[in-house]
Amino acid sequence: MSESDTTFAGPSLSDIESARARVAKAAQVTPMESSRYLSDIVGAPVFLKCENLQRTGSYKIRGAYNRISSLSDVEKAAGVVAASAGNHAQGVAFAARELGIKATIFMPIGVPLPKLQATRHYGADVILRGHSVEEAMRAAAEFSQATGAVIIPPFDHIDVVTGQGTLGLEMLEQIPDADTFVVSIGGGGLIAGIASAVKQRAAAEGRTVRVIGVQAANAAAYPPSLTAGEPVQITTSPTIADGIQVSKPGILNFEIIRDLVDEVVTVSEADIARALLVLLERAKQVVEPAGAAGVAAILSGQVHDTGKTVVVLSGGNIDPLLMQRVISHGLAASDRYLKLRIMLPDRPGQLARTAELVAEANANVVEVQHTRHGKGLQISQVELELHIETRGPDHRDQVIAKLRDAGFELRVEQ
């Protein structure tokens with residue numbers, strides 16, 4: 001289907017432009033930052049659209065505000081209800097507060113405390129129900145039937161998609177000659193809106209642009225759905241990118257993505273963890289795992305020959321405890337965190353000798369475990385587990401070589 005096809009399932013360019021004025025009452029124009037580090041990898045200018053700095057910490061406020069502001073007076077009086085474990089909850093709560101509408105949000109039991117507190121802070125009545133988003137969604141549907149409150153879906157609604165499309169117009173205003181947009185995908189609301197906006201605007205200007213979608217490999221429903229030609233339900237695996245952990249594409253979103261998105265790629269958990277670390281160190285940006293998927297695609301070599309490229313950092317709401325774990329994982333994925341098990345003779349001085357060798361290699365030991373009770377140990381052996389900070393792959397190899405050259409028997413943990 002061509003970008004100008006009148007049967008296009010998504011919002012028109014004029015619809016998105018009209019939504020821009022509404023959404024501007026709640027959403028900020030977020031910064032666009034250049035990244036020399038990522039530009040060197042891609043071989044073309046790369047820019048980061050920092051929706052992680054948006055009000056409520058993500059782009060979700062755009063679609064939520066556009067949908068809620070489009071309700072009739074009768075619907076507004078009945079209030080709104082949504083189910084979410086994070087960003088959508090906060091977007092709906094904030095939008096409803098700004099419009100003076102009562103919001104009820106169902107969240108699963110065990111939702112991270114910062115997300116729960118933020119949603120309540122924005123004025124919503126939060127009800128904890130079930131142990132998954134699916135259970136919370138069923139509870140929200142029952143609440144809607146009982147009270148008449150309008151359900152605000154996270155992605156599969158034309159008003160939501162139109163609201164998210166305002167981000168596409170904003171990016172083109174900041175980088176008018178952008179060639180490629182890299183966007184994370186969960187249910188597909190964000191990329192559907194962005195693709196609708198940038199493809200139609202580019203076509204009106206007589207040029208073309210590319211849109212690349214990125215999913216976590218552990219929750220990638222779009223590749224099999226696109227192959228099948230219809231939305232396919234998959235079984236997801238645990239992923240740190242819980243913000244895009246959706247088991248089935250939205251119906252409307254799928255149609256738009258099928259027609260307008262040029263490519264969908266997947267990234268591993270290690271790729272995502274590395275991306276968060278790069279964003280912290282190189283861009284000084286705190287980004288949640290789902291929001292870093294586009295950068296992960298660049299780091300893993302799946303984005304190339306793109307010309308001037310814009311990557312959307314879609315959210316920054318990350319639990320500090322999760323960030324701590326992800327940083328550790330990212331260090332390991334970048335070969336900057338080395339875990340070794342070393343078999344030593346059970347006699348004085350061996351631990352000191354090991355530490356001396358690591359110091360000579362200019363590495364830093366951050367954790368040590370020394371035991372006589374490991375499996376496979378001889379009666380005269382002890383096992384030493386070392387966690388070591390290194391400066392990267394070459395330095396990691398130097399540390400390993402230093403210990404092996406000294407005659408130590410060691411196993412490298414992956």
Side-chain angles (χ1 to χ4, degrees), residues 8-28 51 54-107 118-127 129 133 136-170 186-190 192-194 196-197 246 250-253 255-256:
F8 167 58
S12 68
L13 184 58
S14 61
D15 288 339
I16 300 172
E17 290 170 339
S18 296
R20 182 84 186 278
R22 289 191 295 274
V23 170
K25 297 174 183 177
Q28 298 172 327
E51 281 291 284
Q54 183 57 264
R55 299 174 80 174
T56 76
S58 87
Y59 71 94
K60 286 287 190 177
I61 189 176
R62 297 173 181 269
Y65 192 89
N66 191 58
R67 172 60 186 141
I68 296 173
S69 64
S70 300
L71 298 177
S72 68
D73 290 341
V74 172
E75 290 173 321
K76 289 177 180 178
V80 298
V81 61
S84 169
N87 292 342
H88 181 56
Q90 294 172 63
V92 170
F94 184 91
R97 186 188 72 180
E98 294 296 291
L99 291 163
I101 298 170
K102 177 177 173 54
T104 302
I105 309 294
F106 285 83
M107 304 183 84
T119 305
R120 283 180 170 156
H121 173 75
Y122 294 132
D125 181 10
V126 178
I127 300 174
R129 188 69 55 82
V133 175
M137 289 177 68
R138 287 195 292 271
E142 293 170 0
F143 181 88
S144 174
Q145 291 176 350
T147 66
V150 179
I151 294 178
I152 306 300
F155 48 81
D156 199 4
H157 193 285
I158 189 65
D159 289 344
V160 174
V161 172
T162 304
Q164 317 303 24
T166 64
L167 180 57
L169 296 183
E170 195 171 296
L190 176 62
I194 288 175
S196 298
V246 178
I251 296 173
L252 171 65
N253 312 130
E255 293 179 7
I256 299 170

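Heads up: numbering here begins at 1 and tracks the sequence. Only this structure's heavy atoms are used, side chains among them; waters, hydrogens and symmetry mates stay out.
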(message) Assess the residue pair Val80 and Leu71 against the criterion (side-chain contact (heavy atoms from CB on, under 4.5 Å)); give the C-alpha distance rounded to whole Å, side-chain angles, the decisive distance to 0.1 Å, and a yes or no.
(response) CA-CA 10 Å; Val80 298; Leu71 298 177; 3.7 Å; yes
(message) Between Phe106 and Met137, is the side-chain contact (heavy atoms from CB on, under 4.5 Å) condition met? List the steps.
(response) CA-CA 7 Å; Phe106 285 83; Met137 289 177 68; over 6 Å; no
(message) I'd like to know whether Asp125 forms a side-chain contact (heavy atoms from CB on, under 4.5 Å) with Lys102, so could you lay out the CA-CA distance, the side-chain angles of the two residues, the decisive distance to 0.1 Å, and finally the verdict.
(response) CA-CA 8 Å; Asp125 181 10; Lys102 177 177 173 54; 4.0 Å; yes
(request) Dump the intermediate steps for salt bridge (charged side-chain N to carboxylate O under 4.0 Å, His left out) on Arg62 and Glu170, then the final yes or no. (result) CA-CA 12 Å; Arg62 297 173 181 269; Glu170 195 171 296; 3.1 Å; yes
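Atom CG of residue Leu169 and atom CD1 of residue Ile16 lie 6.0 Å apart, to the nearest 0.5 angstrom. Atom CG in Leu99 sits 11.0 Å away from atom CZ in Arg22 (nearest 0.5 Å). To the nearest 0.5 Å, atoms CG (Leu252) and NE2 (His157) are separated by 9.0 Å. Atoms CD1 and OG, on Ile158 and Ser196 in that order, are 7.0 Å from each other to the nearest 0.5 Å. With rounding to the nearest 0.5 angstrom, the CD1 atom of Ile194 is 8.5 Å from the CD atom of Gln164. Atoms CD1 and CG, from Ile61 and Asn87 in turn, are 11.5 Å apart once rounded to the nearest 0.5 Å.
No side-chain donor-acceptor contact under 3.5 Å links Asp15 and Ser18.
Taking every heavy atom of both residues into account, Gly148 and Ala78 meet most closely at O-CB, 3.4 Å. Scanning both residues, Phe143 and Ala149, for their nearest heavy atoms gives CE2-CB, 3.9 Å. In plain terms, the two heavy atoms of Ala197 and Gly165 that are nearest each other are CB-O, 3.3 Å. Nearest approach of Pro153 to Val160, heavy atoms of both residues: O-CG2, 3.6 Å. Closest of all the heavy-atom pairs between Pro11 and Thr162 is CB-OG1, 3.2 Å. The shortest heavy-atom contact between Lys76 and Ser69 is NZ-O, 3.7 Å.
With respect to the salt-bridge test (charged N to carboxylate O, under 4.0 angstrom), the residues Arg129 and Glu142 do not qualify.
Annotation: side chain of Val246 is in contact with side chain of Phe155 (closest heavy-atom distance under 4.5 Å). Within the 4.5 Å cutoff, side-chain heavy atoms of Glu98 are placed close to those of Tyr65. Two residues are said to be in side-chain contact when any heavy atoms from C-beta on lie closer than 4.5 Å; Gln28 and Gln54 meet this criterion. Contact check for Ile101 versus Ile68: side-chain heavy atoms found under the 4.5 Å cut-off. Side-chain contact between Val81 and Val150: absent, with no pair of heavy atoms (C-beta onward) separated by less than 4.5 Å. Counting heavy atoms from C-beta on, the side chains of Asp156 and Ile251 come closer than 4.5 Å.
For Thr166 (side chain) and Arg20 (main-chain N/O), no donor-acceptor pair under 3.5 Å exists by modelled atom type. Arg55 contributes a side-chain N or O that, together with a main-chain N or O of Ala26, makes up a donor-acceptor pair within less than 3.5 Å. The main-chain N or O of Ile152 is found under 3.5 Å from a side-chain atom of His88 such that the two form a donor-acceptor pair. Without hydrogens or angle criteria, Lys60 side chain to Pro154 main chain gives a donor-acceptor distance under 3.5 Å. Looking at Asn66, its side chain never comes within 3.5 Å of a backbone N or O of Val23 through a donor-acceptor pair. Side-chain atoms of Thr119 never come within 3.5 Å of backbone atoms of Ala89 as a donor-acceptor pair (strictly under, hydrogens ignored).
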